[in-house]
Amino acid sequence: MQEIKREDLIAKAAQLLADGTVDRVIGWKKGEFDYDVTPAVFTTKEELENEFVWNDFCGANFSKYIKKEAEKSESKVMAFLKPCDTYSFNQLLTEYKFDREKVYVVGVPCNGMLDDSKIKESASGISSVTEENGKVVVDTLYDGKITLERADVLAERCANCKSKKHAAYDELLGTEGEVLDSKRFDEVEKLEKMTPDERFAFWQNELSRCIRCNACRNICPACTCEKCVFDNPASGVENKAISDSFEEKMFHIIRAFHVVGRCTDCGECSRVCPQNIPLHLLNRKFIKDINGFYGEYQAGAEVGSRAPIVDYTKEDLEPSEAVERGEENA
Amino acid sequence: MQVNEFKPLIVAFCCNWCSYAGADLAGNNRLNYPAEVKIVRVPCSCRVNPMFILRAFQKGADGVILCGCHPGDCHYTSGNYYTRRRMALLFSMLDYLGIEKERTRVEWVSAAEGAKFAATMNDFVEKVISLGENKRLEDLRCKK
Ligand code: SF4
Ligand code: SF4
Ligand code: SF4
Ligand code: FES
């Protein structure tokens, strides 16, 4: 359950449309099922009332949609952003991806979003998902009502949420949250403690499921290159190569490397992956290394900050020491 | 009887201003280093994109070494400082994926260090031979 009500969001959006502050609103629209909420652009109050949703499946981060929308016209666009989304928003501004003046951000507090794939593990034939007394109630076609603990079906990124505080907004609905002391590096540490053979087996198992749909890249607010290396047919890794696992490894190492220092750990890549590959474990390894080698850095916390990968000091550690330090930490 | 001895393929990216000249000096001084080392000359160590390293492995390299000017001596002032951060993060990631860490290395070799160049290559090749063929980052499509 979310603190703010759907009606309040609609009222806010309708008011901004009515007084001419903005002429488009990026929000969540209902899909076929309760859990497949999709991003959409609304232009009238009627559209909002008919199709806008705000529920526990509004995971989509609109920052990247803002970039596309802002390019379309000179007028202002409004977007609802959750705390994690605002980090991506700031990061895009840092990279001059859109004009801040063309966007009106309404911050919405977030109590965490649910992961439909986790719900589907315990329920099939889902007809609705609601909440009663803090529990998730799933109505199914075959097995009647199934009650689940919210904590068990919470999205991974929400269980390890790094901040309930908005890093940017023009207006905030509800109460301002705090930066949290998250446990998001625990899984990375577990992997670091394994032997190289175990790690290799772990990743081989995960990455070999990749179907190279490129959804992780397409959704990523840090992947905004006009021309992406992975679209180059001469690269040998632009597509799924059934015969080989090199292409998967290359793709995943390079995708994660390209967003080093720019990845805000928004969690969108893991959310959209149809194969449930834990991509956040790659991104967080880089974030953890950056914090350990060059000092704490959170991309998107402030507009204009300089990422450690485009910076240096004369005393930086050597690559060989980096690998050893990574092991000591484990 | 013929013994099938493993001959690794080593790619050495050397920056034009220091390490490539260091390799030259090693040659002029008739210092031995294994013929398996194939040098790719780059304008500066920071020209080396992480893709180059992976690409070398894809095309069959068993080890990849990157050589540049000593920190502070880069011909372009700061290129190798960026290289240092980039490779620290890349190598740490390769290690995290379970790829043998001895297959990648960064070494600073100046134009006057012909002996260091030869010694580095001898040592690196020996390490890679002890690891054997690169299996974890190979691309079957690129196998002969
Ligand atoms: S979203 Fe998942 S399956 Fe698709 S390319 Fe990314 S990792 Fe592979
Ligand atoms: S790599 Fe994933 S977590 Fe990082 S910014 Fe992109 S979508 Fe978000
Ligand atoms: S994968 Fe790399 S090249 Fe492609 S969009 Fe992302 S950052 Fe750009
Ligand atoms: S020119 Fe040698 S490292 Fe930059």
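Naming: A, B, ... by sequence-line order, numbering from 1 per chain.
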- Is Tyr96(B) reaching over with its side chain to a backbone N or O of Pro196(A), donor-acceptor style, under 3.5 angstrom? no
- Check whether Arg105(B) gets within reach of chain A through its side chain, its backbone, both or neither, counting any heavy atom under 4.5 Å. neither
- Which pair of non-hydrogen atoms, one from Met93(B) and one from Ile253(A), has the smallest distance, and what is that distance? CG-CG2, 4.5 Å
- Note on the structure: From the list Glu192(A), Lys288(A), Lys285(A), Glu324(A), side-chain contact (heavy atoms from CB on, under 4.5 Å) partner of Ser92(B) resolves to Lys285(A)
- Message: So for Lys314(A), is it side chain, backbone, both, or neither that comes closer than 4.5 Å to the heavy atoms of chain B?
- Response: both
- Task: Give, for atom CG of Asp139(B) and atom CD of Glu247(A), the distance between the pair rounded to the nearest 0.5 Å.
- Result: 9.0 Å
- Arg85(B) charged N/C atom sitting above Tyr294(A) aromatic ring, 6.0 Å / 45°: yes
- Note on the structure: When every non-hydrogen atom of Phe246(A) is compared with those of Leu54(B), the smallest separation belongs to CZ-O, 3.4 Å
- Greater than 12 external heavy atoms within 6.0 Å of Glu102(B)'s CD: yes
- Note on the structure: From the list Leu97(B), Leu94(B), Asn49(B), Thr104(B), the residue making the most non-hydrogen contacts under 4.5 Å with chain A is Leu97(B)
- Message: Let's test your reading of the structure: which of Val310(A), Ile309(A), Asp244(A) forms the most heavy-atom pairs below 4.5 Å with chain B?
- Response: Asp244(A)
- Nearest heavy-atom approach of Tyr82(B) to Asp311(A) is CE2-N, 3.7 Å
- Query: Of the backbone (N, CA, C, O) and the side chain (C-beta and beyond), which part of Gln58(B) lies under 4.5 Å from a heavy atom of chain A, both, or neither?
  - Reply: both
- Message: Is the terminal nitrogen or CZ of Arg84(B) (NZ for Lys, CZ for Arg) located under 6.0 angstrom from the six-membered ring centre of Tyr312(A) and within 45° of that ring's axis?
- Response: no
- Message: With a sphere of 6.0 Å drawn around CZ of Arg212(A), does it hold more than 12 non-hydrogen atoms of other residues, nucleotides or ligands?
- Response: yes
- Message: How about NZ on Lys165(A), more than 12 heavy atoms from neighbouring residues, nucleotides or ligands closer than 6.0 Å, or not?
- Response: no
- Task: Can you measure from CH2 (Trp203(A)) to CZ (Arg136(B)) and round to the nearest 0.5 angstrom?
- Result: 15.0 Å
- Message: Please find the pair of heavy atoms, one from Glu318(A) and one from Pro71(B), that lie closest to each other, and give the distance.
- Response: OE2-CG, 4.3 Å
- Query: Where on Ser235(A) is there a heavy atom nearer than 4.5 Å to chain B: the side chain, the backbone, both, or neither?
  - Reply: both
- Message: Under a 4.5 Å cutoff for heavy-atom pairs, which residue among Val260(A), Val229(A), Leu207(A), Leu282(A) has the most contacts with chain B?
- Response: Leu282(A)
- Query: Taking all atoms of both residues into account, what is the closest heavy-atom pair of Thr313(A) and Tyr81(B), and its distance?
  - Reply: O-CD2, 4.0 Å
- Query: Which region of Glu206(A), side chain (C-beta onward) or backbone (N, CA, C, O), has a non-hydrogen atom less than 4.5 Å from a non-hydrogen atom of chain B, or is it both or neither?
  - Reply: neither
- Item | Considering all heavy atoms, the nearest Met87(B)-Pro319(A) contact | CB-CG, 3.9 Å
- Most chain A-contacting option - heavy-atom pairs closer than 4.5 Å, from Leu90(B), Leu66(B), Thr83(B), Ile99(B): Leu90(B)
- Are more than 12 heavy atoms from other residues, nucleotides or ligands located less than 6.0 Å from atom CD of Glu71(A)? yes
